[in-house]
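The sequence lines fix the lettering, A, B, ..., with proteins before strands; numbering per chain opens at 1.
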Protein chains: 2
Amino acid sequence: MLTVALELFAEHGYDGTSVGQIAARAGVTEMTFFRHFPTKASLLVGDPYDPLIGAAVRRESADLDPISRAARGIRSAWQQLPPPASIEVRMRLRIVAQTPALRAAMTGGTAATEAVIVEALIDGGTGQREAAIAASAVMAALNTALLEWSLADDEELGQAINAALDVLVDRHG
Amino acid sequence: MLTVALELFAEHGYDGTSVGQIAARAGVTEMTFFRHFPTKASLLVGDPYDPLIGAAVRRESADLDPISRAARGIRSAWQQLPPPASIEVRMRLRIVAQTPALRAAMTGGTAATEAVIVEALIDGGTGQREAAIAASAVMAALNTALLEWSLADDEELGQAINAALDVLVDRHG
DNA sequence: AGCAGAATGTTACCCACTAACATTTTCACC
DNA sequence: GGTGAAAATGTTAGTGGGTAACATTCTGCT
């Protein structure tokens, strides 16, 4: 179904493709589509790594300021991951980058990861407010970096992520 | 219509209130509602200050790193604003804070402000990528701060904003 | 072959939102 | 004070995303 959907999105764009069309080309009912995917947007935006990131943030020293701690945690979580199939990921993110509704859905879709980071920071002694602010800022930077990366050719994803976090952490003014 | 909507949201929640109900209680047709408000969410999330913020960011020294520049711009823009009717604003934001769909819509709703900040940063010599990342991080922090503020009692809004930006700028680790 | 449970289909519905066209209200000008 | 144009509102009808309840077909296992 995902493959079929990506084809149609490439042909007619995200908004120009209805769930009915996807289901039809997949030889299936609209109802069946919604049994496999909770929403149309979930074809493109997901939140796969939250527990890993939570643990990684917790592992960083509680002496760091919350931004640094969250950023370091994400960097280290990233290194533990198997490198994803970049081309697939890039295709998906490109569609997200070009569709305003999906950009918004993306930040909604990382709410779970954000919550996990907030919890980890709080457990490390950071106040609730600071934790929420730091987590949302770091996740926003990360999401923006992913979208920007998707629009470029021939760049390493890990590198783009590091560069994004550096904008927050290693500020050279 | 706004007043009526807020009543209904208070009674049945945002998701539990349909546009039809709002229109009916306002003595008006659903169609008329959509002529006044582009979307249901626009009753609660808006983006009123983008040009002001863009100008303020541009006014800050281009020698600063992008995060500092954006943050200082927002602080200064804030001081120029007439203090809003805090109670109203708080009520609205509380509903947003409690409704996941609206939280996502809020970040979508500040896309214009974000774009304006990005442009200002680029004009100051920051690269496209860095500018996009810094702007999204700062706006995310700001939005989070607004939502957290709305859930507290008796706090100055300006103070909450300053504290949020300090998490990004004056990091004490 | 026969059965249980999973996957799929059918129908019917709700809600946000849009388009096209008709109707009423408002208000400035004669 | 009437008139006519413009603005606001109403009507009808439709699209697309998403859900609920119930019926049907497949699947795999014994």
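B:Ser42 comes within contact range of no nucleotide atom at all, as no heavy-atom separation falls under 4.0 Å.
Regarding contacts with the backbone of D:dT9, a side-chain N or O of B:His36 is found under 4.0 angstrom from either OP1 or OP2. One finds no side-chain N or O of B:Thr29 lying less than 4.0 angstrom from the OP1 or OP2 phosphate oxygen of D:dT9.
Straight-line distance from the NZ atom of A:Lys40 to the P atom of D:dT15: 16 Å, rounded to whole Å. We find that CG of B:Leu8 is positioned 12 Å from P of C:dA16, with the value rounded to whole Å. Straight-line distance from the CZ atom of B:Arg35 to the P atom of D:dA7: 14 Å, rounded to whole Å. When rounded to the nearest whole Å, the span between CZ of B:Phe34 and C1' of D:dG14 equals 14 Å. Rounded to whole angstrom, the span from the NE2 atom of A:His12 across to the P atom of D:dG16 amounts to 13 Å. At whole-Å resolution of the value, CG in A:Asp15 and C1' in D:dT15 are 13 Å apart. The CZ atom of A:Phe33 sits 10 Å away from the C1' atom of D:dG17 (whole-angstrom rounding). In this structure, the CG atom of A:Leu43 is 14 Å from the C1' atom of D:dG18, given to the nearest Å.
Of the candidates B:Arg69, B:Arg75, B:Arg72, B:Glu60 forms a side-chain hydrogen bond (donor to acceptor under 3.5 Å, both in side chains) with just one, namely B:Arg72.
Put simply, CG on B:Leu142 and CE on B:Met139 are 5.5 Å apart, with the number rounded to the nearest 0.5 Å.
Residue A:Met31 places its side chain closer to D:dT19 than to any other of D:dG16, D:dT19, C:dA16. Residue B:Thr32 places its side chain closer to D:dG10 than to any other of C:dA16, C:dT11, D:dG10.
Minimum heavy-atom separation, A:Leu147 to A:Leu93: CD2-O, 3.8 Å.
A cation-pi arrangement, defined by a distance under 6.0 Å to the six-membered ring centre and an angle within 45 degrees of its axis, is present between A:Lys40 and A:Tyr14.
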